[in-house]
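Order of appearance sets the numbers: ligands from 1, and atoms from 1 within every ligand.
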Amino acid sequence: MAEQTVLVPILGDQLTPAISSLQGQAKNSTVVLMMEVWDEATYVKHHKQKIALIFSAMRHFAAALRDDGWTVDYVKLTDQDNAGSFSGEVARAIERHNPYRLRITQASEWRVQHAIDEWEDKFPCAIEVLSDDRFICSRSEFDHWAEGRKQLTMELFYREMRKKTGLLMNADGKPEGGKWNFDSENRQALDGALFVPSRPRFEPDSITKEVLTLVESRFGDHFGQLEPFEWPVTHAQACEAADAFFQERIENFGPYQDAMIFGEDDLYHSMLSTSINIGLLDPLDLCLRAEQAYRDGKAPLNSVEGFIRQIIGWREYVRGFYWHFMPALASANELDASRPLPELFWTGDTKMRCLADCIRSTNNNAHAHHIQRLMVLGNFCLLAGIDPQAVQDWYLAVYADAFDWVEMPNVVGMILYADGGRLATKPYAASGNYINKMSNYCGGCDYKVSAKTGDDACPFNPLYWHFMDRHRDRLSSNHRIGRIYSTWDRMSEQKQREYIDSAEKFLDSLEPAREGWAR
Ligand SMILES: Cc1cc2nc3c(=O)[nH]c(=O)nc-3n(C[C@H](O)[C@H](O)[C@H](O)COP(=O)(O)OP(=O)(O)OC[C@H]3O[C@@H](n4cnc5c(N)ncnc54)[C@H](O)[C@@H]3O)c2cc1C
Ligand code: SF4
(Lines give C-alpha, C1' and ligand atoms only; values in the text may rest on other atoms or scores of the structure.)
(Ligands and ions follow the chains in the order given, each with its own letter.)
Protein backbone atom coordinates (compact mmCIF):
# COMPACT_ATOMS: atom_id res chain seq x y z
CA MET A 1 0.00 0.00 0.00
CA ALA A 2 2.82 2.44 0.91
CA GLU A 3 4.14 2.94 -2.60
CA GLN A 4 0.64 3.69 -3.88
CA THR A 5 -0.20 6.12 -1.12
CA VAL A 6 -1.04 9.66 -2.14
CA LEU A 7 -0.72 12.28 0.59
CA VAL A 8 -3.20 15.15 0.24
CA PRO A 9 -2.56 18.08 2.60
CA ILE A 10 -5.68 20.20 3.02
CA LEU A 11 -5.09 23.72 4.30
CA GLY A 12 -7.28 25.61 6.75
CA ASP A 13 -9.00 27.58 3.98
CA GLN A 14 -9.54 24.54 1.73
CA LEU A 15 -12.46 23.02 3.65
CA THR A 16 -14.43 22.05 0.56
CA PRO A 17 -15.22 18.37 -0.10
CA ALA A 18 -14.88 18.98 -3.86
CA ILE A 19 -11.49 20.70 -3.51
CA SER A 20 -9.36 20.00 -6.59
CA SER A 21 -6.77 17.94 -4.66
CA LEU A 22 -9.44 15.38 -3.71
CA GLN A 23 -11.13 15.22 -7.09
CA GLY A 24 -10.61 11.84 -8.76
CA GLN A 25 -8.70 10.41 -5.80
CA ALA A 26 -9.36 6.85 -4.65
CA LYS A 27 -10.24 6.79 -0.97
CA ASN A 28 -8.38 3.57 -0.27
CA SER A 29 -5.01 4.92 -1.42
CA THR A 30 -5.29 8.49 -0.13
CA VAL A 31 -4.23 9.93 3.21
CA VAL A 32 -5.64 13.38 3.84
CA LEU A 33 -3.32 15.44 6.00
CA MET A 34 -4.67 18.30 8.12
CA MET A 35 -2.46 20.28 10.45
CA GLU A 36 -2.92 22.90 13.14
CA VAL A 37 0.31 24.82 12.75
CA TRP A 38 1.75 27.18 15.35
CA ASP A 39 3.55 29.37 12.78
CA GLU A 40 0.32 29.92 10.84
CA ALA A 41 -1.61 30.89 13.97
CA THR A 42 1.05 33.37 15.05
CA TYR A 43 2.89 34.90 12.06
CA VAL A 44 0.60 37.76 12.90
CA LYS A 45 -1.22 37.49 16.21
CA HIS A 46 -4.65 36.68 14.82
CA HIS A 47 -7.82 37.59 16.68
CA LYS A 48 -8.76 34.76 19.05
CA GLN A 49 -12.06 34.14 17.23
CA LYS A 50 -10.23 33.77 13.93
CA ILE A 51 -7.99 31.01 15.26
CA ALA A 52 -10.96 29.32 16.91
CA LEU A 53 -12.98 29.55 13.68
CA ILE A 54 -10.30 27.94 11.57
CA PHE A 55 -9.31 25.19 14.01
CA SER A 56 -12.91 24.31 14.80
CA ALA A 57 -13.93 24.28 11.13
CA MET A 58 -10.88 22.12 10.32
CA ARG A 59 -11.76 19.60 13.04
CA HIS A 60 -15.37 19.44 11.86
CA PHE A 61 -14.24 19.03 8.27
CA ALA A 62 -11.86 16.20 9.20
CA ALA A 63 -14.71 14.43 11.00
CA ALA A 64 -16.98 14.84 7.96
CA LEU A 65 -14.29 13.43 5.64
CA ARG A 66 -13.80 10.42 7.92
CA ASP A 67 -17.57 9.83 7.98
CA ASP A 68 -17.39 9.86 4.20
CA GLY A 69 -14.78 7.09 4.17
CA TRP A 70 -11.53 9.07 3.83
CA THR A 71 -8.44 8.35 5.92
CA VAL A 72 -7.49 11.57 7.68
CA ASP A 73 -4.24 12.15 9.54
CA TYR A 74 -5.11 15.15 11.72
CA VAL A 75 -2.32 16.86 13.64
CA LYS A 76 -3.54 18.92 16.57
CA LEU A 77 -1.63 21.91 17.87
CA THR A 78 -1.21 20.08 21.16
CA ASP A 79 0.19 16.85 19.65
CA GLN A 80 3.50 16.25 21.32
CA ASP A 81 5.71 16.16 18.25
CA ASN A 82 3.95 19.00 16.41
CA ALA A 83 6.69 20.57 14.29
CA GLY A 84 5.16 24.04 14.53
CA SER A 85 5.72 24.84 10.88
CA PHE A 86 3.78 23.90 7.81
CA SER A 87 6.63 22.32 5.83
CA GLY A 88 7.98 20.66 8.99
CA GLU A 89 4.63 18.98 9.58
CA VAL A 90 4.43 17.78 5.97
CA ALA A 91 7.95 16.33 6.31
CA ARG A 92 6.85 14.37 9.37
CA ALA A 93 3.77 13.09 7.56
CA ILE A 94 5.91 11.93 4.63
CA GLU A 95 7.99 9.89 7.08
CA ARG A 96 4.84 8.38 8.58
CA HIS A 97 3.10 7.49 5.32
CA ASN A 98 5.90 7.18 2.77
CA PRO A 99 3.70 8.41 -0.10
CA TYR A 100 4.81 8.11 -3.71
CA ARG A 101 3.01 11.35 -4.52
CA LEU A 102 1.88 14.46 -2.69
CA ARG A 103 -1.07 16.31 -4.16
CA ILE A 104 -2.16 19.73 -3.03
CA THR A 105 -4.42 22.52 -4.21
CA GLN A 106 -2.54 25.77 -4.76
CA ALA A 107 -2.38 27.89 -1.61
CA SER A 108 -4.40 31.09 -1.61
CA GLU A 109 -1.53 33.06 -0.05
CA TRP A 110 1.79 33.81 -1.71
CA ARG A 111 3.74 33.09 1.50
CA VAL A 112 2.34 29.55 1.78
CA GLN A 113 2.64 28.81 -1.93
CA HIS A 114 6.27 29.93 -1.75
CA ALA A 115 6.88 27.24 0.88
CA ILE A 116 5.07 24.65 -1.27
CA ASP A 117 7.23 25.57 -4.27
CA GLU A 118 10.28 24.41 -2.32
CA TRP A 119 8.90 20.93 -1.63
CA GLU A 120 10.04 19.55 -4.97
CA ASP A 121 13.68 19.86 -3.82
CA LYS A 122 12.99 19.03 -0.19
CA PHE A 123 10.88 15.87 -0.33
CA PRO A 124 11.51 12.45 -1.90
CA CYS A 125 8.05 12.04 -3.49
CA ALA A 126 6.50 13.63 -6.58
CA ILE A 127 4.66 16.89 -5.91
CA GLU A 128 1.50 17.76 -7.78
CA VAL A 129 0.03 21.25 -7.35
CA LEU A 130 -3.48 21.82 -8.69
CA SER A 131 -5.17 25.12 -9.35
CA ASP A 132 -7.95 26.22 -7.04
CA ASP A 133 -11.11 25.96 -9.10
CA ARG A 134 -13.29 27.48 -6.40
CA PHE A 135 -12.42 30.84 -7.94
CA ILE A 136 -14.33 31.82 -11.06
CA CYS A 137 -11.37 33.55 -12.70
CA SER A 138 -8.11 31.60 -12.85
CA ARG A 139 -4.84 33.34 -12.10
CA SER A 140 -3.71 33.08 -15.71
CA GLU A 141 -7.05 34.40 -16.97
CA PHE A 142 -6.65 37.47 -14.78
CA ASP A 143 -3.04 37.97 -15.92
CA HIS A 144 -4.23 37.82 -19.51
CA TRP A 145 -6.96 40.38 -18.82
CA ALA A 146 -4.53 42.68 -16.97
CA GLU A 147 -1.80 42.46 -19.61
CA GLY A 148 -1.01 45.89 -21.04
CA ARG A 149 -3.63 47.78 -19.00
CA LYS A 150 -2.36 50.76 -17.04
CA GLN A 151 -5.44 50.97 -14.88
CA LEU A 152 -7.06 47.72 -13.81
CA THR A 153 -10.62 48.94 -13.58
CA MET A 154 -12.69 46.54 -11.49
CA GLU A 155 -15.88 47.52 -13.28
CA LEU A 156 -14.50 46.29 -16.64
CA PHE A 157 -13.25 43.06 -15.08
CA TYR A 158 -16.66 42.56 -13.47
CA ARG A 159 -18.43 42.81 -16.83
CA GLU A 160 -16.20 40.06 -18.15
CA MET A 161 -17.17 37.89 -15.17
CA ARG A 162 -20.85 38.59 -15.78
CA LYS A 163 -20.46 37.45 -19.37
CA LYS A 164 -18.43 34.43 -18.33
CA THR A 165 -20.91 33.23 -15.70
CA GLY A 166 -24.07 34.44 -17.44
CA LEU A 167 -25.22 35.89 -14.11
CA LEU A 168 -27.90 38.56 -14.64
CA MET A 169 -27.35 38.39 -18.38
CA ASN A 170 -30.13 38.28 -20.95
CA ALA A 171 -30.29 36.13 -24.04
CA ASP A 172 -29.35 39.12 -26.23
CA GLY A 173 -26.04 39.48 -24.35
CA LYS A 174 -27.22 42.62 -22.53
CA PRO A 175 -27.15 43.02 -18.73
CA GLU A 176 -30.42 42.50 -16.88
CA GLY A 177 -32.18 45.83 -16.29
CA GLY A 178 -30.17 47.53 -19.04
CA LYS A 179 -27.27 48.50 -16.78
CA TRP A 180 -24.24 46.68 -15.41
CA ASN A 181 -24.22 48.47 -12.10
CA PHE A 182 -26.99 49.80 -9.84
CA ASP A 183 -24.75 51.39 -7.23
CA SER A 184 -26.39 54.78 -7.58
CA GLU A 185 -29.45 53.22 -5.86
CA ASN A 186 -27.31 51.72 -3.13
CA ARG A 187 -26.20 54.69 -1.05
CA GLN A 188 -29.03 55.21 1.38
CA ALA A 189 -28.46 56.05 5.01
CA LEU A 190 -30.49 54.23 7.66
CA ASP A 191 -32.68 56.17 10.07
CA GLY A 192 -32.07 53.69 12.89
CA ALA A 193 -35.76 52.83 13.16
CA LEU A 194 -35.62 50.12 10.51
CA PHE A 195 -35.99 46.50 11.61
CA VAL A 196 -32.84 44.45 11.03
CA PRO A 197 -33.42 40.68 11.41
CA SER A 198 -30.65 39.12 13.45
CA ARG A 199 -28.47 36.52 11.75
CA PRO A 200 -28.32 32.90 13.00
CA ARG A 201 -25.77 32.41 15.76
CA PHE A 202 -24.33 28.99 16.42
CA GLU A 203 -23.84 27.56 19.89
CA PRO A 204 -20.42 25.92 20.26
CA ASP A 205 -20.63 22.10 20.27
CA SER A 206 -18.11 19.86 22.08
CA ILE A 207 -15.52 20.21 19.26
CA THR A 208 -15.73 24.00 19.28
CA LYS A 209 -15.68 24.12 23.10
CA GLU A 210 -12.44 22.15 23.13
CA VAL A 211 -10.95 24.55 20.58
CA LEU A 212 -12.09 27.58 22.59
CA THR A 213 -10.28 26.23 25.65
CA LEU A 214 -7.16 25.66 23.54
CA VAL A 215 -7.27 29.17 22.10
CA GLU A 216 -7.75 30.80 25.49
CA SER A 217 -4.80 28.89 26.94
CA ARG A 218 -2.36 29.26 24.01
CA PHE A 219 -3.37 32.55 22.44
CA GLY A 220 -4.73 34.44 25.43
CA ASP A 221 -2.55 37.48 24.71
CA HIS A 222 -3.92 37.92 21.18
CA PHE A 223 -6.29 40.78 20.37
CA GLY A 224 -10.04 40.32 20.64
CA GLN A 225 -12.82 38.81 22.64
CA LEU A 226 -13.12 35.04 22.24
CA GLU A 227 -16.68 34.59 23.42
CA PRO A 228 -19.48 34.59 22.57
CA PHE A 229 -18.20 32.58 19.61
CA GLU A 230 -21.04 32.26 17.10
CA TRP A 231 -19.52 31.76 13.63
CA PRO A 232 -20.64 28.88 11.39
CA VAL A 233 -18.00 26.14 11.52
CA THR A 234 -19.59 23.50 9.27
CA HIS A 235 -21.01 23.48 5.77
CA ALA A 236 -24.51 22.86 7.22
CA GLN A 237 -24.27 25.84 9.57
CA ALA A 238 -22.91 28.06 6.81
CA CYS A 239 -25.87 27.02 4.61
CA GLU A 240 -28.23 27.96 7.41
CA ALA A 241 -26.56 31.38 7.63
CA ALA A 242 -26.86 31.80 3.86
CA ASP A 243 -30.54 30.71 3.90
CA ALA A 244 -31.30 33.36 6.51
CA PHE A 245 -29.56 36.04 4.44
CA PHE A 246 -31.47 35.13 1.28
CA GLN A 247 -34.77 34.96 3.14
CA GLU A 248 -34.50 37.94 5.42
CA ARG A 249 -31.80 40.44 4.51
CA ILE A 250 -30.88 40.44 0.83
CA GLU A 251 -33.83 42.66 -0.02
CA ASN A 252 -32.25 45.56 1.87
CA PHE A 253 -28.62 44.59 1.20
CA GLY A 254 -28.23 47.01 -1.71
CA PRO A 255 -29.82 50.24 -0.52
CA TYR A 256 -28.13 50.16 2.90
CA GLN A 257 -24.78 48.69 1.86
CA ASP A 258 -22.96 51.87 2.84
CA ALA A 259 -24.99 52.72 5.95
CA MET A 260 -23.56 52.68 9.48
CA ILE A 261 -25.48 52.70 12.75
CA PHE A 262 -23.88 52.96 16.18
CA GLY A 263 -23.93 49.56 17.93
CA GLU A 264 -25.38 47.71 14.89
CA ASP A 265 -22.71 45.33 13.70
CA ASP A 266 -24.35 43.33 10.91
CA LEU A 267 -27.10 45.46 9.36
CA TYR A 268 -28.13 43.85 6.05
CA HIS A 269 -24.72 42.42 5.20
CA SER A 270 -24.52 38.71 4.49
CA MET A 271 -21.84 37.99 7.15
CA LEU A 272 -20.78 35.09 4.92
CA SER A 273 -17.17 36.07 4.16
CA THR A 274 -15.68 33.78 6.83
CA SER A 275 -17.59 30.81 5.43
CA ILE A 276 -16.74 31.61 1.81
CA ASN A 277 -13.06 32.21 2.48
CA ILE A 278 -12.44 28.93 4.30
CA GLY A 279 -14.41 26.92 1.78
CA LEU A 280 -17.65 26.17 3.63
CA LEU A 281 -19.67 27.97 0.96
CA ASP A 282 -19.19 28.16 -2.77
CA PRO A 283 -19.12 31.75 -4.09
CA LEU A 284 -20.71 30.98 -7.46
CA ASP A 285 -23.45 29.00 -5.78
CA LEU A 286 -24.29 32.02 -3.61
CA CYS A 287 -24.47 34.25 -6.67
CA LEU A 288 -26.83 31.80 -8.39
CA ARG A 289 -29.04 31.84 -5.31
CA ALA A 290 -29.03 35.64 -5.30
CA GLU A 291 -30.02 35.68 -8.98
CA GLN A 292 -32.80 33.19 -8.27
CA ALA A 293 -34.12 35.42 -5.48
CA TYR A 294 -34.38 38.22 -8.05
CA ARG A 295 -35.97 36.03 -10.73
CA ASP A 296 -38.51 34.80 -8.14
CA GLY A 297 -39.40 38.40 -7.28
CA LYS A 298 -38.04 38.07 -3.73
CA ALA A 299 -35.24 40.64 -3.97
CA PRO A 300 -34.80 43.78 -6.08
CA LEU A 301 -32.23 44.00 -8.85
CA ASN A 302 -30.12 46.69 -7.15
CA SER A 303 -29.57 44.44 -4.10
CA VAL A 304 -28.92 41.30 -6.10
CA GLU A 305 -26.62 42.96 -8.61
CA GLY A 306 -24.76 44.63 -5.72
CA PHE A 307 -24.24 41.31 -3.94
CA ILE A 308 -23.14 39.52 -7.10
CA ARG A 309 -20.72 42.36 -7.92
CA GLN A 310 -19.08 42.07 -4.50
CA ILE A 311 -18.38 38.41 -5.19
CA ILE A 312 -17.69 37.89 -8.90
CA GLY A 313 -16.45 41.47 -9.16
CA TRP A 314 -14.50 42.61 -6.11
CA ARG A 315 -13.66 39.25 -4.59
CA GLU A 316 -12.41 37.70 -7.81
CA TYR A 317 -10.71 40.93 -8.84
CA VAL A 318 -8.68 41.35 -5.62
CA ARG A 319 -7.56 37.73 -5.81
CA GLY A 320 -6.33 38.17 -9.38
CA PHE A 321 -4.79 41.53 -8.51
CA TYR A 322 -2.93 40.01 -5.54
CA TRP A 323 -1.31 37.25 -7.56
CA HIS A 324 -0.60 39.57 -10.47
CA PHE A 325 1.38 42.01 -8.30
CA MET A 326 2.91 39.78 -5.64
CA PRO A 327 5.43 39.91 -4.07
CA ALA A 328 5.97 43.63 -4.81
CA LEU A 329 2.45 44.50 -3.62
CA ALA A 330 3.33 43.62 -0.02
CA SER A 331 5.85 46.44 0.29
CA ALA A 332 4.20 49.06 -1.94
CA ASN A 333 4.18 52.52 -0.37
CA GLU A 334 3.56 55.06 -3.10
CA LEU A 335 2.62 57.85 -0.69
CA ASP A 336 5.67 57.24 1.55
CA ALA A 337 3.46 56.82 4.61
CA SER A 338 5.46 56.10 7.73
CA ARG A 339 3.46 56.98 10.84
CA PRO A 340 3.14 54.09 13.31
CA LEU A 341 -0.33 52.62 13.82
CA PRO A 342 -1.87 54.34 16.85
CA GLU A 343 -2.48 52.34 20.02
CA LEU A 344 -6.17 53.25 19.79
CA PHE A 345 -6.58 50.73 16.95
CA TRP A 346 -6.00 47.99 19.52
CA THR A 347 -7.72 49.51 22.52
CA GLY A 348 -10.56 51.49 20.94
CA ASP A 349 -9.69 54.21 23.40
CA THR A 350 -10.58 57.35 21.44
CA LYS A 351 -13.14 60.13 21.63
CA MET A 352 -13.86 59.64 17.92
CA ARG A 353 -17.20 57.85 18.21
CA CYS A 354 -17.12 56.34 14.72
CA LEU A 355 -13.65 54.84 15.17
CA ALA A 356 -14.42 53.61 18.69
CA ASP A 357 -17.57 51.82 17.46
CA CYS A 358 -15.79 50.14 14.53
CA ILE A 359 -12.98 48.97 16.81
CA ARG A 360 -15.50 47.72 19.39
CA SER A 361 -17.19 45.61 16.70
CA THR A 362 -13.80 44.38 15.50
CA ASN A 363 -12.82 43.40 19.02
CA ASN A 364 -16.15 41.73 19.86
CA ASN A 365 -16.86 39.97 16.57
CA ALA A 366 -13.58 39.77 14.62
CA HIS A 367 -15.66 41.58 12.00
CA ALA A 368 -16.58 45.05 10.83
CA HIS A 369 -18.65 45.65 7.75
CA HIS A 370 -17.21 46.95 4.53
CA ILE A 371 -17.95 50.62 4.83
CA GLN A 372 -16.56 50.69 8.38
CA ARG A 373 -13.34 49.05 7.13
CA LEU A 374 -13.18 51.42 4.18
CA MET A 375 -14.52 54.82 5.15
CA VAL A 376 -13.88 54.97 8.89
CA LEU A 377 -10.85 52.82 9.73
CA GLY A 378 -9.29 52.90 6.28
CA ASN A 379 -9.98 56.57 5.70
CA PHE A 380 -8.31 57.36 9.02
CA CYS A 381 -5.19 55.33 8.10
CA LEU A 382 -5.00 57.02 4.70
CA LEU A 383 -5.41 60.57 5.99
CA ALA A 384 -3.09 60.07 8.95
CA GLY A 385 -0.42 58.53 6.72
CA ILE A 386 -0.04 55.24 8.62
CA ASP A 387 2.71 52.89 7.47
CA PRO A 388 1.11 50.37 5.04
CA GLN A 389 2.92 47.44 6.63
CA ALA A 390 1.45 48.25 10.04
CA VAL A 391 -2.01 48.69 8.52
CA GLN A 392 -1.74 45.36 6.70
CA ASP A 393 -0.71 43.60 9.90
CA TRP A 394 -3.66 45.07 11.74
CA TYR A 395 -6.30 44.14 9.15
CA LEU A 396 -4.82 40.68 8.73
CA ALA A 397 -4.77 40.07 12.46
CA VAL A 398 -8.15 41.40 13.52
CA TYR A 399 -10.68 40.08 11.00
CA ALA A 400 -11.87 36.48 11.00
CA ASP A 401 -12.20 36.56 7.20
CA ALA A 402 -8.70 38.00 6.64
CA PHE A 403 -6.26 36.18 4.42
CA ASP A 404 -3.37 37.88 2.68
CA TRP A 405 -4.85 37.54 -0.81
CA VAL A 406 -8.02 39.48 0.05
CA GLU A 407 -6.79 41.73 2.86
CA MET A 408 -3.71 43.06 1.06
CA PRO A 409 -5.26 44.50 -2.14
CA ASN A 410 -8.03 46.05 -0.07
CA VAL A 411 -5.53 47.67 2.27
CA VAL A 412 -2.69 48.54 -0.07
CA GLY A 413 -4.81 49.41 -3.11
CA MET A 414 -8.26 50.36 -1.92
CA ILE A 415 -7.72 52.25 1.32
CA LEU A 416 -4.11 53.46 1.23
CA TYR A 417 -3.56 54.15 -2.47
CA ALA A 418 -0.12 52.72 -1.75
CA ASP A 419 -0.09 50.92 -5.12
CA GLY A 420 -0.04 54.27 -6.92
CA GLY A 421 -3.59 54.00 -8.18
CA ARG A 422 -3.60 50.67 -9.98
CA LEU A 423 -6.66 49.47 -8.08
CA ALA A 424 -8.52 52.69 -7.28
CA THR A 425 -8.70 55.63 -9.65
CA LYS A 426 -8.43 58.02 -6.69
CA PRO A 427 -7.82 57.77 -2.95
CA TYR A 428 -10.98 57.10 -0.91
CA ALA A 429 -10.32 60.22 1.18
CA ALA A 430 -13.23 61.86 2.97
CA SER A 431 -13.88 64.45 5.64
CA GLY A 432 -16.32 63.96 8.53
CA ASN A 433 -19.16 65.02 6.24
CA TYR A 434 -19.27 61.64 4.51
CA ILE A 435 -19.42 59.72 7.79
CA ASN A 436 -22.12 62.06 9.05
CA LYS A 437 -24.18 61.51 5.89
CA MET A 438 -23.95 57.72 6.03
CA SER A 439 -24.23 57.11 9.79
CA ASN A 440 -25.66 58.25 13.10
CA TYR A 441 -22.20 58.38 14.67
CA CYS A 442 -21.66 62.11 14.76
CA GLY A 443 -24.71 63.04 16.83
CA GLY A 444 -23.26 61.55 20.01
CA CYS A 445 -19.61 62.33 19.35
CA ASP A 446 -17.43 64.55 21.55
CA TYR A 447 -16.17 66.19 18.36
CA LYS A 448 -18.31 68.45 16.21
CA VAL A 449 -18.58 67.31 12.62
CA SER A 450 -19.59 70.84 11.59
CA ALA A 451 -16.44 72.39 13.10
CA LYS A 452 -13.61 72.52 10.58
CA THR A 453 -10.64 73.41 12.76
CA GLY A 454 -9.80 73.74 16.43
CA ASP A 455 -9.74 71.30 19.34
CA ASP A 456 -13.40 70.30 19.11
CA ALA A 457 -13.46 69.89 15.31
CA CYS A 458 -14.02 66.43 13.89
CA PRO A 459 -10.42 65.23 13.28
CA PHE A 460 -11.37 63.96 9.82
CA ASN A 461 -11.93 67.58 8.69
CA PRO A 462 -8.41 68.98 9.15
CA LEU A 463 -6.84 65.59 8.40
CA TYR A 464 -8.54 65.62 5.01
CA TRP A 465 -6.94 68.91 3.99
CA HIS A 466 -3.61 67.98 5.55
CA PHE A 467 -3.61 64.86 3.35
CA MET A 468 -4.58 66.78 0.22
CA ASP A 469 -2.00 69.46 0.85
CA ARG A 470 0.88 67.10 1.51
CA HIS A 471 0.17 64.99 -1.58
CA ARG A 472 -0.59 67.84 -3.95
CA ASP A 473 2.28 66.96 -6.29
CA ARG A 474 0.97 63.47 -6.82
CA LEU A 475 -2.78 64.08 -6.77
CA SER A 476 -3.43 67.43 -8.43
CA SER A 477 -3.08 65.95 -11.91
CA ASN A 478 -5.64 63.22 -11.14
CA HIS A 479 -8.74 64.26 -13.07
CA ARG A 480 -11.06 62.79 -10.42
CA ILE A 481 -9.52 64.77 -7.60
CA GLY A 482 -7.67 67.71 -9.12
CA ARG A 483 -10.58 70.15 -8.86
CA ILE A 484 -10.50 69.83 -5.06
CA TYR A 485 -7.35 71.93 -5.12
CA SER A 486 -9.22 74.91 -6.50
CA THR A 487 -11.33 74.88 -3.30
CA TRP A 488 -8.13 74.76 -1.23
CA ASP A 489 -6.59 77.56 -3.25
CA ARG A 490 -9.63 79.78 -2.72
CA MET A 491 -9.18 79.59 1.07
CA SER A 492 -7.26 82.34 2.82
CA GLU A 493 -3.75 81.55 3.91
CA GLN A 494 -4.89 81.87 7.50
CA LYS A 495 -7.68 79.31 6.99
CA GLN A 496 -5.25 76.92 5.35
CA ARG A 497 -2.84 77.42 8.28
CA GLU A 498 -5.63 76.62 10.76
CA TYR A 499 -6.38 73.35 8.96
CA ILE A 500 -2.73 72.31 8.90
CA ASP A 501 -2.12 73.29 12.55
CA SER A 502 -5.25 71.47 13.77
CA ALA A 503 -4.31 68.34 11.86
CA GLU A 504 -0.73 68.40 13.15
CA LYS A 505 -1.82 68.93 16.71
CA PHE A 506 -4.15 65.95 16.41
CA LEU A 507 -1.51 63.75 14.75
CA ASP A 508 1.02 64.65 17.45
CA SER A 509 -1.44 63.51 20.09
CA LEU A 510 -1.65 59.98 18.69
CA GLU A 511 0.14 57.45 20.85
CA PRO A 512 1.94 54.79 18.77
CA ALA A 513 0.88 51.19 19.33
CA ARG A 514 2.99 49.35 21.84
CA GLU A 515 5.18 46.50 20.60
CA GLY A 516 3.71 43.02 20.55
CA TRP A 517 0.12 43.60 19.51
CA ALA A 518 0.45 42.37 15.93
CA ARG A 519 3.62 40.26 15.92
C1 LIG B 1 -9.44 47.63 4.16
C2 LIG B 1 -10.32 46.46 3.86
C3 LIG B 1 -9.90 45.19 4.21
C4 LIG B 1 -10.67 44.08 3.89
N5 LIG B 1 -10.21 42.85 4.22
C6 LIG B 1 -10.95 41.76 3.89
C7 LIG B 1 -10.49 40.47 4.23
O8 LIG B 1 -9.41 40.30 4.79
N9 LIG B 1 -11.26 39.41 3.88
C10 LIG B 1 -12.45 39.57 3.23
O11 LIG B 1 -13.11 38.57 2.93
N12 LIG B 1 -12.89 40.77 2.89
C13 LIG B 1 -12.19 41.88 3.21
N14 LIG B 1 -12.66 43.12 2.88
C15 LIG B 1 -13.88 43.23 2.08
C16 LIG B 1 -15.19 43.36 2.87
O17 LIG B 1 -15.10 44.38 3.81
C18 LIG B 1 -15.58 42.05 3.55
O19 LIG B 1 -15.56 41.02 2.60
C20 LIG B 1 -16.98 42.14 4.13
O21 LIG B 1 -17.06 43.17 5.08
C22 LIG B 1 -17.37 40.82 4.74
O23 LIG B 1 -18.63 40.89 5.34
P24 LIG B 1 -19.90 40.25 4.65
O25 LIG B 1 -19.66 38.82 4.37
O26 LIG B 1 -21.08 40.60 5.47
O27 LIG B 1 -19.91 41.02 3.27
P28 LIG B 1 -21.11 41.53 2.35
O29 LIG B 1 -21.21 42.99 2.50
O30 LIG B 1 -22.34 40.74 2.60
O31 LIG B 1 -20.57 41.24 0.88
C32 LIG B 1 -20.75 39.96 0.27
C33 LIG B 1 -19.43 39.30 -0.05
O34 LIG B 1 -18.74 40.02 -1.04
C35 LIG B 1 -17.34 39.83 -0.91
N36 LIG B 1 -16.70 41.15 -0.84
C37 LIG B 1 -17.29 42.33 -0.62
N38 LIG B 1 -16.40 43.35 -0.75
C39 LIG B 1 -15.23 42.78 -1.04
C40 LIG B 1 -13.93 43.30 -1.26
N41 LIG B 1 -13.66 44.61 -1.24
N42 LIG B 1 -12.93 42.42 -1.48
C43 LIG B 1 -13.17 41.09 -1.51
N44 LIG B 1 -14.38 40.55 -1.32
C45 LIG B 1 -15.40 41.39 -1.09
C46 LIG B 1 -17.12 39.05 0.38
O47 LIG B 1 -16.89 37.71 0.06
C48 LIG B 1 -18.45 39.21 1.11
O49 LIG B 1 -18.75 38.12 1.94
C50 LIG B 1 -11.90 44.26 3.20
C51 LIG B 1 -12.31 45.54 2.87
C52 LIG B 1 -11.54 46.63 3.18
C53 LIG B 1 -11.99 48.00 2.80
S1 SF4 C 1 -17.69 63.87 14.43
FE2 SF4 C 1 -15.97 63.03 13.28
S3 SF4 C 1 -14.95 61.71 14.75
FE4 SF4 C 1 -16.97 62.11 15.56
S5 SF4 C 1 -18.24 60.42 14.83
FE6 SF4 C 1 -18.42 62.08 13.34
S7 SF4 C 1 -16.90 61.63 11.81
FE8 SF4 C 1 -16.37 60.43 13.60
Backbone of Asp401 reached by a side-chain donor or acceptor of Lys50 within 3.5 Å: no
For Tyr447, atoms of ligand 2 separated by under 4.0 Å from a heavy atom: 1 (S)
Lys/Arg cation over aromatic Tyr447: Lys351, 6.0 Å, 45° cone: yes
Short N-O contact, Arg474 and Asp336, less than 4.0 angstrom: yes
Per-atom contacts, ligand 1 versus Leu272 - under 4.0 Å to a heavy atom: 25 (O)
Residue and atom name of the nearest protein heavy atom (relative to atom 2 (C) of ligand 1), distance in Å to one decimal: Asn410 CB, 3.5 Å
Ligand 2 atoms in contact with Cys354 (distance to a heavy atom under 4.0 Å): 3 (S), 5 (S), 7 (S), 8 (Fe)
Ligand 2 atoms in contact with Cys442 (distance to a heavy atom under 4.0 Å): 1 (S), 5 (S), 6 (Fe), 7 (S)
Geometric class of the Trp314/Tyr317 ring pair [parallel <30°, tilted 30-60°, perpendicular >60°]: perpendicular
Under 4.0 Å to a heavy atom of His367 - the qualifying atoms of ligand 1, by number: 22 (C), 23 (O)
Heavy-atom nearest neighbour in the protein, as seen from atom 16 (C) of ligand 1, with distance rounded to 0.1 Å: His370 ND1, 3.3 Å
Atoms of ligand 1, numbered as shown, that sit under 4.0 Å from any heavy atom of Ala368: 21 (O)
Top protein contact for atom 9 (N) of ligand 1, by heavy-atom distance: Asp401 O, 2.9 Å
Met414 neighbourhood, listing ligand 1 atoms whose heavy-atom distance to it stays under 4.0 Å: 41 (N)
Asp266/Arg249 salt bridge by N-O under 4.0 Å criterion: no
Modelled atom types, side-chain donor and acceptor of Asn181 and Glu155, under 3.5 Å: yes
Trp231 six-ring face occupied by Arg199 cation (under 6.0 Å, within 45°): yes
Nearest-neighbour protein heavy atom for atom 22 (C) of ligand 1, which is reported as residue plus atom name and distance: Ser273 OG, 3.2 Å
Proximal ligand 1 atoms for Asn277, defined as those under 4.0 Å from one of its heavy atoms: 9 (N), 10 (C), 11 (O)
Proximal candidate to atom 12 (N) of ligand 1 [heavy atom criterion; set Ile415, Val406, Thr274]: Val406
Any donor-acceptor pair under 3.5 Å from Thr42 side chain to Lys45 backbone: no
Cys445 near atom 8 (Fe) of ligand 2: N/O/S under 2.8 Å: no
Tyr395 touching ligand 1 at heavy-atom level, < 4.0 angstrom: yes
Residue-ligand contact Phe253/ligand 1, heavy atom below 4.0 Å: yes
Residue and atom name of the nearest protein heavy atom (relative to atom 33 (C) of ligand 1), distance in Å to one decimal: Ile311 CG1, 3.8 Å
Nearest neighbour in protein (non-hydrogen) for atom 13 (C) of ligand 1: Arg373 NH1, 3.5 Å
Qualifying residue, where the test is ring-ring contact (aromatic ring centres under 6.0 Å, His included) with His47 and the options are Phe219, Phe223, Trp517: Phe223
Per-atom contacts, ligand 1 versus Glu407 - under 4.0 Å to a heavy atom: 5 (N), 8 (O)
